[in-house]
Amino acid sequence: MALRNITVKGDEILARKCKPVKEITPRIKEACADMVDTMKEADGVGIAAPQIGIMKRFFIAMPHVDAEDEETRDKIYYMINPEITYREGSQESSEGCLSVPGYMGLVDRPQKIRIKATDLDGEEHEYEFEGFEATVFCHEYDHLEGVLYSDIAKDMMTVEEYSERLEELKDLHSDDEPGDINEIWEARKNG
């Protein structure tokens, strides 16, 4: 397949709501294949159609980055005309985005979601995700609504600042449990 250019913050396409996919055409399937290549090349875990300039309601996600087995870790979800049908709880999530390069943000997300969507074969599925996986799907879904995570983030920092704070936390917690992600953001506020 092919790599696509990733639309970046400032392009008005990222602030517009996408239109439903009426039919899963060969062009939609080709775009999805290209999105997989583009996402992997950019070291992402998801990418939405508007990020490659297509104003349609679909995205792909590969959210099981920490899975033990390779099959689960490499699983790609094709989400056409997705709809989040249920949200539960809340979590603070450190997020980055291929369309907002060089930055991380702290975002409030649901702890658990239920989402239904059509796959590339035209079959409808309903999934439940929680934790990081729920964050990934909410993040990509927001793209279809014209919302970037940076628009709703409580705090932002550069990737370099984030990496420095993460290293400091690793040093502080080297003998016990790793620090809570909120410590990174608190450390930024406190100096």
Side-chain angles (χ1 to χ4, degrees), residues 4-22 28 31-32 34-36 38-40 42-65 76-119 124-159 161-162 181-182 184-185 188-189:
R4 302 276 188 118
N5 290 327
I6 298 173
T7 307
V8 294
K9 184 175 179 170
D11 190 314
E12 67 180 36
I13 197 169
L14 294 172
R16 295 187 359 225
K17 194 169 180 174
C18 294
K19 295 180 178 174
V21 173
K22 292 179 182 172
I28 295 288
C32 284
D34 290 351
M35 288 165 66
V36 170
T38 303
M39 174 190 70
K40 287 181 176 180
D43 200 26
V45 294
I47 190 168
Q51 291 181 273
I52 63 163
I54 299 173
M55 293 305 301
K56 296 289 186 184
R57 296 188 72 80
F58 66 95
F59 66 80
I60 63 163
M62 203 168 99
H64 305 297
V65 293
I76 297 170
Y77 294 85
Y78 297 89
M79 309 296 282
I80 298 170
N81 296 327
E83 180 185 348
I84 296 176
T85 59
Y86 176 78
R87 300 168 194 255
E88 178 183 307
S90 68
Q91 63 177 324
E92 288 186 319
S93 163
S94 293
E95 297 182 29
C97 181
L98 301 178
S99 291
V100 188
Y103 289 90
M104 296 290 292
L106 183 64
V107 181
D108 286 328
R109 296 285 188 193
Q111 175 64 31
K112 184 176 184 179
I113 65 163
R114 193 171 299 127
I115 186 169
K116 67 178 181 179
T118 303
D119 66 16
E124 190 173 281
H125 301 273
E126 188 164 37
Y127 307 94
E128 282 191 12
F129 297 103
E130 54 186 285
F132 177 75
E133 289 85 2
T135 293
V136 170
F137 283 88
C138 288
H139 178 110
E140 298 308 330
Y141 183 84
D142 279 356
H143 277 297
L144 307 182
E145 297 294 312
V147 176
L148 290 174
Y149 87 95
S150 57
D151 299 335
I152 58 173
K154 297 190 297 188
D155 197 4
M156 295 285 292
M157 69 174 78
T158 66
V159 170
E161 290 172 317
Y162 185 83
I181 205 72
N182 291 321
I184 294 173
W185 299 98
R188 173 183 164 83
K189 290 177 189 172

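Below, all heavy atoms of this structure are taken into account, side chains as well, without hydrogens, waters or symmetry copies.
Shown here is Lys154, whose NZ atom has more than 12 heavy atoms of other residues, nucleotides or ligands within 6.0 Å. Counting heavy-atom neighbours within 6.0 Å of Glu12 CD, excluding the residue itself, gives a total of 12 or less.
Considering all non-hydrogen atoms of both residues, Gly146 and Asp151 come closest at O-OD2, 4.3 Å. Across all their heavy atoms, Ala134 and Pro110 have their closest contact at CB-O, 4.0 Å. Closest approach of Glu161 to Thr158, counting heavy atoms only: OE1-N, 2.9 Å. Nearest heavy-atom pair, Ala48 versus Phe59, reported as atom, atom and distance to 0.1 Å: CA-CB, 3.6 Å. Of all non-hydrogen atoms in Pro101 and Val8, the two that sit nearest each other are CD-CG1, 4.1 Å. When all heavy atoms of Cys18 and Pro50 are compared, the closest pair comes out as SG-CG, 3.7 Å.
Looking only at side-chain heavy atoms (C-beta outward), Ser150 and Tyr103 stay at 4.5 Å or farther from each other. You'll find the side chain of Ile54 reaches within 4.5 Å of the side chain of Arg4, heavy atoms only. Counting heavy atoms from C-beta on, the side chains of Met39 and Val45 never come closer than 4.5 Å. Two residues are said to be in side-chain contact when any heavy atoms from C-beta on lie closer than 4.5 Å; Ile152 and Asp142 meet this criterion. Put simply, the side chain of Met35 does not reach to within 4.5 Å of the side chain of Gln51, judged on heavy atoms. The closest side-chain heavy-atom distance from Met156 to Tyr149 is below 4.5 Å.
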Run the numbers on Glu133 and His64 for side chain to side chain contact (heavy atoms under 4.5 Å, CB included), then give the verdict. CA-CA 7 Å; Glu133 289 85 2; His64 305 297; 3.4 Å; yes
Cys97 and Lys9: side chain to side chain contact (heavy atoms under 4.5 Å, CB included), yes or no, with the steps? CA-CA 10 Å; Cys97 181; Lys9 184 175 179 170; over 6 Å; no
Stepwise, does the side-chain hydrogen bond (donor to acceptor under 3.5 Å, both in side chains) test hold for Thr85 with Glu83? CA-CA 6 Å; Thr85 59; Glu83 180 185 348; over 6 Å; no
Just do the side chain to side chain contact (heavy atoms under 4.5 Å, CB included) check on Lys19 and Met55 with the steps written out, would you? CA-CA 6 Å; Lys19 295 180 178 174; Met55 293 305 301; 5.9 Å; no
Please lay out, stage by stage, how Phe129 and Val136 fare under the test side chain to side chain contact (heavy atoms under 4.5 Å, CB included). CA-CA 9 Å; Phe129 297 103; Val136 170; over 6 Å; no
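Glu140 places no side-chain N or O within donor-acceptor distance of the main-chain N or O of Phe137, the cut-off being under 3.5 Å. A donor-acceptor contact shorter than 3.5 Å links the side chain of Ser99 to the backbone of Thr7. Without hydrogens or angle criteria, Asn81 side chain to Val21 main chain gives a donor-acceptor distance under 3.5 Å.
Ser93 contributes atom OG, which lies 8.0 Å from atom CE of Met104 (distance to the nearest 0.5 angstrom). Interatomic distance, CG of Leu148 versus CG of Leu14, reported as 5.0 Å (0.5 Å rounding). Note: Glu124 CD to Asp119 CG = 10.0 Å, rounded to the nearest 0.5 Å.
Of the candidates Thr118, Ile115, Leu144, Ile115 is the only one forming a side-chain contact (heavy atoms from CB on, under 4.5 Å) with Met79.
Between the side chains of Gln91 and Thr135, at least one donor-acceptor pair of N or O atoms lies under 3.5 Å. For the residue pair Tyr78 and His125, no side-chain donor N or O sits within less than 3.5 Å of a side-chain acceptor on the partner.
Cation-pi geometry between Arg57 and Tyr141 is met: the NZ or CZ atom falls under 6.0 Å from the ring centre, inside 45° of the normal.
Arg109 has no carboxylate O lying under 4.0 Å from a charged side-chain N of Glu130, or vice versa, which leaves the two without a salt bridge.
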